[in-house]
Enquirer: 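Below is one structure. I have some questions about it.
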Amino acid sequence: MKNNNDFLTHVPPMGIYETLYAFQNSYGSYMGEKGTHPWSQGFPLTTQIPGGPEMPKSISINSDDLKYPKAWGQPELRQTIAEYYNHYYGSSIDYENVMIFAGGRPGLTALLMFLQPDIEVQIASTEYTPYYDMLRLLKRNYRVVDSTMENKFYPTTDQYFGSEHNKRKLILLSNPCNPTGITRKKDELKELIGHSEESENGILFDEAYELFHTPPVSSLEYVKDINNSNIFVCGAATKGLQAPGIRIGWVVAAKKYIEILGNFSSFGMGGVSRPSQLYALELFNKNRIKLSRSSVAHFYDEQREKYGKSFSEIGLKLFSGDGGFYHWCKLQNGLTAEKLNEKLFKKGAAILKGTDCDMHRQGDNSHLKYFFRFSFGPLLPDSFHTDIKILSESINFN
């Protein structure tokens, strides 16, 4: 029975949190605590990785750093991010092309919030879980593009843009893709971006996993003139810079769009924590970022190869790409990801169900009900044999 005194509309959590809550109810403790196996978790190691840079242990702040932050972000951090892209990808942006957000998702949400109402979002059917929630709650008009086994979870440029040329479109995609790890690069990115630049269409690239590919990849390498384009690039310190807890993300776009986002921040956000931005500046130290770009990719390449080899040996079919820190796996013999999680919960482990990455949200009828995302992002190398043992016992359970 509906309570007529409810003032707020109920909103369910995104799929991964539903899994975490179910795990806690079953296992009796939080995922991530000692003795658990956080394969469902989308975060990297926050400790020094083998061959990688140390994490900054402190920052110095003064009384000015306790004042309100700038609506667009602190100029020093905005300029540092612009110089980073210019140095490594040959772009020609400046600080006015960059705005700081409290993580990647707030930037994505703000862009979708202010999208012109006639624009139709184009999104692959297998994509990052919260995109569905963002599009639905913001009441955006969108079209789902097939991303299935048949096209190897890789929609083409023509599939994204479609045959209707009388409406403006925005392609929303993660690259490398979460959950599949499939990565668009070089000519594939050139084609996609070129199609956008020659039309009134746009692309929103979510590049949270930029550094988890050899070599690191960014669409900004192929954007000719950001200020005369409808290209938007979201990045964050969450993954490659190994600092999800500081909640620092950014959007790179034409200056006129950054102005709009900053105006929103003036009343809707109030800016982002200045101490967090100072910590992010430490992460962008030139020597440190150079080492991160090589060591992060190398370490996670090794993890991807090691887990992938064993997964194939225990009977999983892999559809993973060469980016990110996930394996995109298909179960055999009629076992669904939901049933797999019921077994894993008892062993202190969990995976992300493929149905949570289905932009159709078809539940038991989903084409992804036999798929799951396995994260090796937070896993130390010495957990490998235990991970394989638990997973093997669970998928081959009689």
Side-chain angles (χ1 to χ4, degrees), residues 77-100 104 107-108 111 122 124 128 154-157 160-161 170-178 180-199 201-241 249-255 257-258 280 283-298 300-301 321-325:
L77 180 56
R78 297 172 70 196
Q79 183 62 37
T80 296
I81 292 172
E83 290 174 355
Y84 164 77
Y85 284 112
N86 293 344
H87 176 74
Y88 284 105
Y89 298 108
S91 57
S92 55
I93 63 174
D94 63 39
Y95 79 98
E96 291 181 301
N97 293 113
V98 182
M99 176 165 162
I100 309 301
L108 295 167
L111 287 168
Q122 316 293 301
Y128 178 39
Y154 188 94
T156 65
T157 296
Y160 267 124
F161 283 107
L170 174 76
I171 295 172
L172 168 58
L173 70 140
S174 54
N175 190 56
C177 178
N178 175 2
T180 66
I182 292 170
T183 308
R184 293 173 190 270
K185 41 196 177 281
K186 296 183 179 178
D187 290 345
E188 302 155 350
L189 276 176
K190 285 182 184 178
E191 180 187 37
L192 196 61
I193 292 167
H195 197 298
S196 171
E197 290 176 326
E198 294 166 5
S199 67
N201 299 308
I203 309 174
L204 171 46
F205 289 101
D206 180 353
E207 296 186 349
Y209 295 88
E210 171 203 347
L211 299 191
F212 296 86
H213 183 271
T214 302
V217 59
S218 174
S219 55
L220 284 170
E221 184 172 355
Y222 307 103
V223 177
K224 294 178 181 177
D225 182 2
I226 192 74
N227 289 313
N228 288 299
S229 76
N230 295 317
I231 303 292
F232 305 87
V233 177
C234 287
T238 307
K239 303 297 192 299
L241 298 184
W250 53 87
V251 168
V252 180
K255 294 179 181 180
Y257 296 136
I258 296 299
L283 296 176
F284 272 103
N285 172 279
K286 289 184 179 180
N287 291 329
R288 189 186 188 285
I289 201 73
K290 181 179 180 180
L291 183 55
S292 289
R293 284 176 59 86
S294 60
S295 60
V296 167
H298 179 71
Y300 282 99
D301 280 350
D322 57 1
F325 51 61

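Treat the numbers as computed from the prediction; the structure is a model and nothing was measured.
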Enquirer: So, Lys190 and Glu221, do they make that salt bridge, N to O below 4.0 Å?
Expert: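 Looking at Lys190 and Glu221, the cut-off is not met.
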Enquirer: Is Lys255 paired with Asp94 through a side-chain N to carboxylate O contact shorter than 4.0 Å?
Expert: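 A salt bridge is present here (some side-chain N lies under 4.0 Å from a carboxylate O).
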Enquirer: Please name the pair of heavy atoms, one in Glu207 and one in Ser218, separated by the smallest distance, quoted to 0.1 Å.
Expert: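 Reported closest heavy-atom pair: OE1-OG, 2.8 Å.
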Enquirer: Could you tell me how the ring of Phe232 sits relative to the ring of Tyr257: parallel (under 30°), tilted (30 to 60°) or perpendicular (over 60°)?
Expert: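 Judged by the thresholds at 30° and 60°, the geometry between Phe232 and Tyr257 is tilted.
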Enquirer: Decide side chain to side chain donor-acceptor pair (under 3.5 Å) for Asn201 and Ser196; before the verdict, give the C-alpha distance in whole Å, the side-chain angles of both, and the deciding distance to 0.1 Å.
Expert: CA-CA 5 Å; Asn201 299 308; Ser196 171; over 6 Å; no
Enquirer: Identify the heavy atoms of Gly324 and Tyr209 that sit nearest to each other, and give their distance.
Expert: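 Gly324 and Tyr209 have their closest heavy atoms at CA-CD2, 3.9 Å.
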Enquirer: Does the side-chain contact (heavy atoms from CB on, under 4.5 Å) test come out yes or no for Phe161 and His195, once each step is laid out?
Expert: CA-CA 9 Å; Phe161 283 107; His195 197 298; 3.5 Å; yes
Enquirer: Do any N or O atoms from the side chain of Arg78 and from the backbone of Val98 form a donor-acceptor pair under 3.5 angstrom?
Expert: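 Yes.
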Enquirer: For the backbone of Lys185 and the side chain of Glu188, can you confirm whether one donor and one acceptor N or O come within less than 3.5 Å of each other?
Expert: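 Here the side-chain-to-backbone pair exists.
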Enquirer: Report the distance from atom CD1 of Ile289 to atom CD of Glu83, rounding to the nearest 0.5 Å.
Expert: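 Result: 13.0 Å between the selected atoms.
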Enquirer: Side-chain donor-acceptor pair under 3.5 Å between Glu197 and Ser229, yes or no?
Expert: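 Per modelled atom types, Glu197 and Ser229 side chains form no pair under 3.5 Å.
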Enquirer: Between Phe325 and Tyr300, what is the ring plane arrangement, given parallel below 30°, perpendicular above 60°, and tilted in between?
Expert: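 The rings of Phe325 and Tyr300 sit tilted, inter-plane angle from 30° to 60°.
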Enquirer: About how many Å separate CG of Leu220 and OH of Tyr88, when rounded to the nearest 0.5 Å?
Expert: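 The OH atom of Tyr88 sits 15.5 Å away from the CG atom of Leu220.
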Enquirer: Roughly how far, to the nearest 0.5 Å, is OG1 of Thr214 from CG of Asp301?
Expert: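 Answer rounded to 0.5 Å: 3.5 Å.
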Enquirer: If you look at every heavy atom in Ala208 and Lys239, which pair is closest and at what distance?
Expert: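 Ala208 and Lys239 have their closest heavy atoms at O-CB, 3.3 Å.
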Enquirer: Is it the case that the side chains of Asp206 and Asn175 hold a donor-acceptor pair, with the cut-off being a distance below 3.5 Å and no angle test?
Expert: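 Not at all, the side chains of Asn175 and Asp206 share no donor-acceptor pair under 3.5 Å.
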Enquirer: I'd like to know whether the aromatic ring centres of Trp250 and Phe284 sit less than 6.0 Å apart in this structure.
Expert: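 Yes - the distance between ring centres of Trp250 and Phe284 falls below the 6.0 Å cut-off.
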Enquirer: Go through the steps for Lys290 and Ser294 under the test side-chain contact (heavy atoms from CB on, under 4.5 Å), then give the verdict.
Expert: CA-CA 7 Å; Lys290 181 179 180 180; Ser294 60; over 6 Å; no
Enquirer: Kindly give the heavy-atom pair with the smallest separation between Leu204 and Cys234, and that separation in Å.
Expert: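 Nearest heavy atoms, Leu204 then Cys234: CD1-SG, 3.9 Å.
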Enquirer: Give the minimum heavy-atom separation between Ile171 and Leu173, together with the two atoms involved.
Expert: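 So the minimum-distance heavy-atom pair works out to CG2-CD2, 3.3 Å.
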Enquirer: Roughly how far, to the nearest 0.5 Å, is OH of Tyr85 from OG of Ser219?
Expert: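 Atom-to-atom, Ser219:OG and Tyr85:OH are 8.0 Å apart.
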Enquirer: Quick one: which of Lys286, Arg293, Gln79 gives a side-chain hydrogen bond (donor to acceptor under 3.5 Å, both in side chains) with Tyr84?
Expert: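 Of Lys286, Arg293, Gln79, side-chain hydrogen bond (donor to acceptor under 3.5 Å, both in side chains) with Tyr84 is met by Arg293 alone.
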Enquirer: Under 6.0 Å from the ring centre and within 45 degrees of the ring axis: does the NZ or CZ of Arg184 meet both conditions for the six-membered ring of Tyr154?
Expert: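 Checked: cation-pi criterion met.
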Enquirer: Are the side chains of Leu189 and Val217 in contact, using a 4.5 Å heavy-atom criterion?
Expert: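 They are in side-chain contact.
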Enquirer: Does any donor atom in the side chain of Glu210 or Tyr89 lie under 3.5 Å from an acceptor atom in the other side chain?
Expert: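 The answer is yes; a qualifying pair exists.
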Enquirer: State the CG-CD1 distance between Leu192 and Ile203, to the nearest 0.5 angstrom.
Expert: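 It comes to 3.5 Å.
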Enquirer: Compute whether any side-chain donor of one residue and acceptor of the other, for Ser91 and Asn86, lie under 3.5 angstrom apart.
Expert: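 There is such a pair between these side chains.
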Enquirer: So which heavy atom on Thr183 is nearest to which on Asp322, and how close?
Expert: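 Between these two residues, the closest heavy atoms are OG1-OD1, 3.6 Å.
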